[in-house]
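Below you'll find the structure, written out as structure tokens, and then a few comments.
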Amino acid sequence: MLLQIEKISKSFGGVHALVDFSLSMDRAKIIGIIGPNGAGKTTLFNVISGVYPPDKGKIYLNDKDISGKEQFIITRAGIARTFQNIRLFTGLSVIDNVMCAFDPTSRYGIFGGLFPTPMRIREEKRGHKLSEDYLQLVDLLKYRDEKPENLPYGLQRRLEIARALACKPKILLLDEPAAGLNPKEVSDLMELIHRIRDERGLGILVIEHRLELVMGLSEEIYVLDFGHTIAIGSPSEIKSNPAVIKAYLGEEECN
């Protein structure tokens, strides 16, 4: 099993942000996570990626228990993510932003960090080559020497995805990747996510408010409402589910 989540819960004070959430992913597929504001979607990603430990429940990646591990351990195990609010290093170039994700896996050690040893030079060349490959994948290679703040918003989103890919994940968590994008950019993003899954064989979890994106991408969708899972199914099943319609539109509109 690539990813197995077993009844994880998370509360903040008296607020139950996530209640007995379970999910299984046995191959590289795209799963959508949807729900109204405050449903617990980002809390779910924060628990999976190690920002918060679960109050209870287990998370397994390739049958290895990663529940409550530190973020860097979970990243090295094979889970990378993007964030709802873009978090790029504005003082660095586009390629250096991607290189930041490569540096923790480099092999030149402390001495190489202080002095330009042959191993450090080889590793930096390898890192640049890998970073160029990820930029090529997201169609940003021609911007490699630009500063990220000079890029349009949609390209900044792609850069954040490239940096996450540089962590060499088995599972990629995308937190509202279409936020702030226009319809053409949303369409291009859908194509990119499909290409990443197909070419890299990753499992992808997507949180998204843009239903046209999550319905067009996902093979399976989980719907959260006030921390509870109220529906699981294919896009066609979710579209016609009364509980989902009620959660999004309210009971009065559904009557």
What's the shortest heavy-atom distance between [X] and [Y], and which atoms?
| X | Y | result |
| --- | --- | --- |
| G201 | A28 | O-CB, 3.2 Å |
| L135 | V98 | CD2-CG2, 3.8 Å |
| L181 | R210 | O-NH1, 3.1 Å |
| R163 | A101 | O-CB, 3.3 Å |
| A77 | L61 | O-CD2, 3.3 Å |
| S67 | I59 | OG-N, 2.7 Å |

Answer yes or no: is there a side-chain heavy-atom contact under 4.5 Å between [X] and [Y]?
| X | Y | value |
| --- | --- | --- |
| I48 | L44 | yes |
| L224 | I230 | no |
| R158 | D188 | yes |
| L189 | P177 | yes |
| I73 | T75 | no |
| L202 | L165 | yes |
| L2 | I171 | yes |
| K246 | D225 | no |

If we ignore hydrogens and angles and just use 3.5 Å, is the side chain of [X] paired with the main-chain N or O of [Y] as donor and acceptor?
| X | Y | result |
| --- | --- | --- |
| E70 | G50 | no |
| Q4 | M1 | no |
| S22 | E6 | no |
| K41 | P36 | yes |
| E199 | I196 | no |

Subject >> Flag for H228-D20: side-chain donor and acceptor within less than 3.5 Å >> reply: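 Short answer, no.
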
Original post:
Side chains of S93 and D96: donor-acceptor distance under 3.5 Å anywhere?
Top reply: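 Looking only at side-chain atoms, D96 and S93 do form a donor-acceptor pair, the distance falling under 3.5 Å.
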
**OP:** With sequence neighbours left out, write down each residue that passes ring-ring contact (aromatic ring centres under 6.0 Å, His included) with Y222, or none if nothing qualifies.
**Re:**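 For Y222, the residues satisfying ring-ring contact (aromatic ring centres under 6.0 Å, His included) (neighbours in sequence not counted) are F21.
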
**OP:** Tell me, please, which residues at least two apart from Y52 pass ring-ring contact (aromatic ring centres under 6.0 Å, His included).
**Re:**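 Testing Y52 for ring-ring contact (aromatic ring centres under 6.0 Å, His included), a comparison that skips the adjacent residues, returns F12.
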
Could you go through residues 136-146 and list every donor-acceptor pair under 3.5 Å that involves a side-chain atom there, pairing it with any protein atom two or more places apart or in another chain?
| residue | atom | partner | partner atom | Å |
| --- | --- | --- | --- | --- |
| D139 | OD2 | R195 | NH2 | 3.2 |
| R144 | NH1 | E132 | OE2 | 2.2 |

Original post:
Are V186 and V206 in one and the same hydrophobic cluster, where Ile, Leu, Val, Met, Phe, Trp and Tyr link if side-chain heavy atoms are under 4.5 Å apart?
Top reply: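 They do share one cluster, since a chain of ILVMFWY contacts under 4.5 Å joins V186 to V206.
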
Original post:
Any chain of hydrophobic side-chain contacts (each under 4.5 Å) joining I204 to I31?
Top reply: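 No, separate clusters.
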
Subject >> Residue K10 excluded, over 12 heavy atoms near NZ under 6.0 Å >> reply: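 Above 12, so yes.
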
**OP:** Applying side chain to side chain contact (heavy atoms under 4.5 Å, CB included), name anything that partners I86, two or more places apart in sequence or on another chain.
**Re:**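 Side chain to side chain contact (heavy atoms under 4.5 Å, CB included) check on I86 returns L88, Y153, Q156, R157, E160.
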
Subject >> side chain to side chain contact (heavy atoms under 4.5 Å, CB included) involving D175 - partner list, sequence neighbours excluded >> reply: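 For D175 the side chain to side chain contact (heavy atoms under 4.5 Å, CB included) partners, ignoring immediate neighbours, are T42, F45, R81, Q84, I207.
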
**OP:** Only pairs at least two apart or in different chains count here, so list each ring-ring contact (aromatic ring centres under 6.0 Å, His included) that has a residue in residues 68-89.
**Re:**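 Sorted result for residues 68-89: empty, none.
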
